[in-house]
Amino acid sequence: MSTWTDRARLYIRGRAFLLDLGEEVAFYTESGPKRARYLLVGKLSLPERLRLGLPREGVLHYPLAVDPLAFEWEGETLILPGLRVYLGGPPAFVETPYYAWRLQAGAPYGA
């Protein structure tokens, strides 16, 4: 299954939720700054991950055991159980233990 969003291409592959942003972008995450083109959510074995055909770098992977269909969009925010991805920039406050927000070019991590 795949669908278009206004910014990215979304795929559900087995137990995996995969968002292809189309280009590598800078994120700030709970573990610091990262660059990624792909957002992968799901507990996957190495063979399962390799079958997705993803590169070794440029993948922001959250190994959460969630139903990949249990997602919602709120404006520019992707919501999964335990994870929020703020594609529009940093939130006023972080709601979940796992998070990522898109950094604007030249902006500090919190702005």
Side-chain angles (χ1 to χ4, degrees):
M1 173 184 166
S2 69
T3 187
W4 277 102
T5 67
D6 62 338
R7 291 184 178 241
R9 184 117 175 140
L10 170 66
Y11 301 92
I12 304 296
R13 300 274 167 86
R15 298 181 303 156
F17 175 96
L18 177 64
L19 189 64
D20 179 352
L21 298 169
E23 65 182 4
E24 193 171 87
V25 297
F27 284 100
Y28 188 78
T29 73
E30 71 287 340
S31 59
K34 300 196 188 264
R35 294 192 61 80
R37 173 180 173 169
Y38 301 96
L39 171 73
L40 176 62
V41 181
K43 275 199 166 179
L44 305 172
S45 66
L46 183 57
E48 288 173 313
R49 187 171 168 174
L50 291 174
R51 277 194 287 274
L52 293 174
L54 297 173
R56 287 184 169 265
E57 296 181 10
V59 178
L60 187 55
H61 182 209
Y62 287 96
L64 303 173
V66 298
D67 176 355
L69 295 174
F71 71 92
E72 296 178 39
W73 287 102
E74 264 184 27
E76 293 185 300
T77 302
L78 171 65
I79 301 170
L80 282 149
L83 170 67
R84 299 286 187 275
V85 180
Y86 306 94
L87 295 173
F93 60 92
V94 177
E95 305 172 55
T96 56
Y98 298 103
Y99 58 88
W101 65 73
R102 189 174 181 167
L103 293 171
Q104 307 304 322
Y109 298 134

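As a basis for the values below, the full set of heavy atoms in this structure was taken, side chains included, without hydrogen atoms, waters or symmetry mates.
Nearest heavy-atom pair across Pro81 and Leu64 is O-CD1, 3.9 Å. When all heavy atoms of Phe27 and Ala36 are compared, the closest pair comes out as CE1-O, 4.0 Å. Residue Leu52 comes nearest to Ala16 through the heavy atom pair CD1-CB, 4.2 Å, listed as atom of the first residue, atom of the second, then distance. In terms of heavy-atom proximity, Gly14 sits nearest to Pro68 at O-CG, 3.5 Å. Between Leu60 and Ala100, the shortest heavy-atom contact is CD2-CB, 3.9 Å.
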Evaluate Leu39 against Leu78 for side chain to side chain contact (heavy atoms under 4.5 Å, CB included), listing each step before the verdict. CA-CA 11 Å; Leu39 171 73; Leu78 171 65; 3.6 Å; yes
Could you go step by step and tell me if Ile12 and Phe17 meet the side chain to side chain contact (heavy atoms under 4.5 Å, CB included) rule? CA-CA 5 Å; Ile12 304 296; Phe17 175 96; 3.6 Å; yes
Trace of the side chain to side chain contact (heavy atoms under 4.5 Å, CB included) decision for Ile79 with Glu95: CA-CA 10 Å; Ile79 301 170; Glu95 305 172 55; over 6 Å; no
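Between Trp101 and Tyr99, the two ring planes are parallel [angle under 30°; tilted spans 30° to 60°].
Put simply, the side chain of Arg49 reaches to within 4.5 Å of the side chain of Leu40, judged on heavy atoms. Annotation: side chain of Leu18 is in contact with side chain of Leu54 (closest heavy-atom distance under 4.5 Å). Taking the side chain as every heavy atom from C-beta outward, Trp73 and Leu87 approach each other to under 4.5 Å.
Ionic pairing of Arg15 and Glu48 is present here: one or more N-O contacts between side-chain nitrogen and carboxylate oxygen are shorter than 4.0 angstrom.
Taken together through direct or relayed side-chain contacts under 4.5 Å among Ile, Leu, Val, Met, Phe, Trp and Tyr, Val59 and Leu50 form parts of separate hydrophobic clusters.
Partners of Glu30 according to the side chain to side chain donor-acceptor pair (under 3.5 Å) rule, which considers only residues two or more places apart in sequence or in another chain, are Tyr62.
Within the model, atoms NZ of Lys34 and CD of Glu57 stand 12.0 Å from one another, a figure rounded to the nearest 0.5 Å.
Put simply, the side chain of His61 never gets that close to the backbone of Tyr38: no donor and acceptor are under 3.5 Å apart.
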